[in-house]
**Student:** 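Please see the structure below; I have some questions.
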Amino acid sequence: MAQWQRTHTCNDLREEHVGQTVTLNGWVLITRKFGHQNFVDLRDRYGLTQIVFEADNPELFAQSELLKREWVLSVTGVVRKRLAGAERTDIPTGAIEVEAKILRVLNPCPPLPFSVTEFPDEELPNEDLRLQYRYLDLRRRSLQRTLLLRHRLCKVIRDFMDAHQFLEVETPMLGKSTPEGARDYLVPSRIFHGEFYALPQSPQLYKQLLMIAGYDRYFQIARCLRDEDLRADRQPEFTQLDVEMSFVERDDVLTLMEQLAVEVFEKCLGVKLTTPFPRMSYAEARAKYGSDKPDLRYGLEIVDVSEIAAASEFSIFKNALAAGGVVRAINARGAATQFSNTALKPGGELPKVVETYKAKGLAWLKVEGGQLIGSIEKFFPAELKAQLCERLGASDGDLLLFVADSEAVVCDALGGLRTYLASRLKLYKNWWDEKAEHDAAEKKKVEAAKKKKESYTPVPFQPRPEHFRFLWVIDFPMFGWDDEEKRWSAMHHPFTAPLDEDLPLLWQNDSLGQVRAKAYDLVLNGYEVGGGSIRIHRQDIQSRVFEIFGMTPDDAKARFGFLLDALQSGAPPHGGIAWGLDRWAMIIAGTTNIRDVIAFPKNQRARDLMTGAPAPVEQRQMQELGIELTAATRALLRERQQREGQ
Ligand code: ASP
């Protein structure tokens with residue numbers, strides 16, 4: 001071992017090491033000068049140790065005066081107890097410090113674009129700057145913590161899958177497009193000019209082929225790529241836990257995934273989940289919550305009042321019903337005083353919410369002194385008002401909100417309103433918000449104790465099972481009507497099997513909208529965290545499904561001939577699921593920013609701000625690929641480069 005190399009990490013030393021000579025390696029987090037003493041907090045991935053340079057060693061002291069943030073050091077010194085009152089209870093090495101005897105600067109650096117901070121509540125530079133210098137950002141304790149948790153999550157998953165006979169098999173990145181409903185990233189072939197590989201949107205077909213090949217139980221922590229417009233919780237490349245099993249029915253997959261979720265939550269968060277998770281059909285979820293991924297942490301259920309509305313004098317309700325629509329309502333309990341009549345008027349706060357879902361308006365009633373008062377009160381005789389109150393369980397202080405339209409619009413609008421109301425009325429708390437409150441309160445206790453010269457060890461926050469409301473949504477419709485393309489498309493993906501009892505409907509063109517699929521989604525707190533299905537394993541059914549999507553037998557053969565052949569080569573019944581691993585990591589790490597759980601993420605416009613990707617390539621490279629930019633594209637590129645000062 002070279003003399004400068006560490007004997008301990010920056011998180012190892014405790015009181016029992018007092019008197020020992022040690023060597024630490026790490027980065028200068030911060031320096032503090034106190035007359036005859038210079039302090040350095042030395043940081044590595046494991047933790048933090050305080051180093052002290054004493055003025056009675058003038059040469060070393062002078063050397064320490066020069067130290068700057070983020071310099072890389074090797075310090076040899078003697079462990080000693082900190083002075084009484086100078087201990088830190090928030091770090092494991094808080095009782096000791098190292099009195100430096102030898103300092104070696106392994107690498108100095110000029111002042112950096114921003115300081116690496118230790119605490120999550122310290123002010124951060126803007127995210128673009130942090131993404132540009134991601135290697136500095138990754139030095140922050142909070143990002144190290146999330147990546148560590150992500151590692152733990154993958155480890156727990158791998159151990160569990162291994163213990164359950166699953167094989168991890170890698171599938172190609174360069175392949176043929178698997179339709180998962182998104183746009184493909186394409187890679188031009190150098191050998192076959194004019195032909196392209198597609199990067200995988202998911203390993204869907206490969207995992208099915210592995211089942212046909214007899215591998216029985218497959219999993220992969222798989223990278224998937226979809227060229228979509230990005231949202232807060234999306235990245236162009238993301239990770240799935242991808243699973244496939246042979247000779248299974250839906251419940252086998254669901255039960256196993258519940259066991260895995262229990263293991264993950266226990267080992268990563270110390271939370272004991274209860275199984276089985278509740279299940280709900282797609283139809284019920286849409287009707288009750290207006291969504292196929294309802295957040296069950298709060299009520300605000302949607303109630304059908306079509307019958308009562310039909311007997312009213314309100315023409316908007318009656319017309320919607322006559323056109324085959326529905327009238328449904330939400331009772332926002334106790335919320336009458338939270339929304340002024342202006343907030344409820346057309347163009348007001350709540351009508352604006354439902355309008356984004358194509359609803360034409362929002363009708364409302366408030367319950368005051370046993371009376372229903374509001375925009376539509378005059379259209380409802382006393383008897384109907386009483387019926388409304390009964391159906392909606394309404395009492396004083398409640399606000400009743402109605403939408404009348406086609407069923408799809410009503411579901412979307414009230415579903416959207418439900419989520420809006422829940423966050424506006426603060427009907428739920430994310431565990432990390434509760435943790436932030438808890439930590440702030442504990443910090444105050446530490447400070448109060450310090451003032452009284454006492455010590456107080458903060459109690460860590462422990463999330464509880466009720467912070468996590470899981471739900472399986474099952475029995476999805478098999479097909480959705482694509483109004484733009486005027487054809488049926490798959491609600492899950494084209495390889496999903498229909499429910500056995502709905503199979504005959506597949507051959508009745510006017511009943512395709514009623515076919516339900518053996519598909520399931522795992523929902524957690526309103527996020528879809530997993531989805532899968534039992535697959536079609538019969539060639540004739542798969543061919544019929546392709547036909548329903550408008551493919552001729554020749555199209556189907558050209559695109560999916562390999563699958564159709566494989567299905568005729570001894571395909572076992574099989575099914576599986578994929579978890580959105582980044583979302584799981586987000587929930588476990590307690591963040592709502594997906595970039596926090598990915599080491600090197602892209603920004604909202606799919607650009608890597610650190611390397612600059614995507615970037616132009618040399619003419620020679622394009623020639624090799626048989627590709628030429630059009631004059632218009634070249635002009636656009638030049639303009640962009642000038643604008644961005646490249
Ligand atoms: N391949 C599907 C997806 O990416 C998951 C599955 O059906 O297993 O959503």
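When a ligand or atom number is given, it counts from 1 through the structure's own listing order.
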**Student:** Using a strict cut-off of less than 4.0 Å between a Lys/Arg side-chain nitrogen and an Asp/Glu carboxylate oxygen, indicate whether Glu547 and Arg544 qualify as a salt bridge.
**Tutor:**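 Yes.
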**Student:** Go through the side-chain N and O atoms of Asp184 and Gln201 and say whether any donor and acceptor fall under 3.5 Å apart.
**Tutor:**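 Asp184 vs Gln201: donor-acceptor pair found between side chains.
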**Student:** As an exercise, identify every atom of ligand 1 less than 4.0 angstrom from a heavy atom of Ile577.
**Tutor:**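 Those qualifying, in numeric order: 8 (O).
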**Student:** Distance under 4.0 Å to a non-hydrogen atom of Gly531: what atoms of ligand 1 satisfy this?
**Tutor:**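 So the answer, numbered in order with elements, is 5 (C), 6 (C), 8 (O).
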**Student:** Tell me if the aromatic rings of Phe495 and Phe560 count as close, with their centers under 6.0 Å from one another.
**Tutor:**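 Yes, ring centres under 6.0 Å apart.
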**Student:** Quick one: do the Asp555 and Thr552 side chains pair a donor with an acceptor below 3.5 Å?
**Tutor:**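 Yes - a donor-acceptor pair under 3.5 Å links their side chains.
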**Student:** Quick check on Gln201 - does any of its heavy atoms sit under 4.0 Å from an atom of ligand 1?
**Tutor:**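 Under 4.0 Å: no for Gln201.
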**Student:** Just verifying a value: how many Å separate Trp472 CH2 and Asp251 CG, rounded to the nearest 0.5 Å?
**Tutor:**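 Nearest 0.5 Å value for the CH2-CG distance: 10.0 Å.
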**Student:** For Ile221, is there any backbone N or O sitting under 3.5 Å from a side-chain donor or acceptor partner on Arg158?
**Tutor:**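 Flag not set: sc Arg158 to bb Ile221 has no pair under 3.5 Å.
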**Student:** Take every heavy atom of Gln208, measure it against each atom of ligand 1, and state whether any distance is under 4.0 Å.
**Tutor:**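 Gln208 does not count as a contact of ligand 1 under the 4.0 Å cut-off.
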**Student:** I'd like to check which ligand 1 atoms, numbered from 1 as shown, lie under 4.0 Å from a non-hydrogen atom of Ala578.
**Tutor:**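 Atoms satisfying the 4.0 Å criterion: 5 (C), 8 (O).
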**Student:** Under 4.0 Å from a heavy atom of Gln240: give me the atoms of ligand 1 that qualify, with their elements.
**Tutor:**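 Atoms satisfying the 4.0 Å criterion: 3 (C), 4 (O).
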**Student:** If you measure from the Lys or Arg side-chain nitrogens to the Asp or Glu carboxylate oxygens, is any gap between Arg223 and Asp242 under 4.0 Å?
**Tutor:**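 The answer is no: the pair does not qualify as a salt bridge.
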**Student:** Around atom 3 (C) of ligand 1, find the nearest protein heavy atom and jot down its residue, atom name and distance.
**Tutor:**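 Result for atom 3 (C) of ligand 1: Glu180 OE1, 3.4 Å.
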**Student:** Considering only heavy atoms, which of Arg226, Glu528, Glu244, Gln204 lies nearest to atom 6 (C) of ligand 1?
**Tutor:**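 The residue whose heavy atom sits nearest atom 6 (C) of ligand 1 is Gln204.
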**Student:** Any N or O on Ser202 sitting closer than 3.5 Å to an N or O of ligand 1?
**Tutor:**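 Among all N and O atoms of Ser202, at least one is under 3.5 Å from an N or O of ligand 1.
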**Student:** Regarding Lys602 and Asp608, does a basic nitrogen lie under 4.0 Å from an acidic carboxylate oxygen?
**Tutor:**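 No, this pair does not count.
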**Student:** Is it the case that ligand 1 has an N or O less than 3.5 angstrom from some N or O of Lys207?
**Tutor:**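 Yes.
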**Student:** For ligand 1, which is the ligand I care about here, please tell me if His492 has any N or O atom under 3.5 Å from one of the ligand's N or O atoms.
**Tutor:**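 Yes, at least one N or O pair falls under 3.5 Å.
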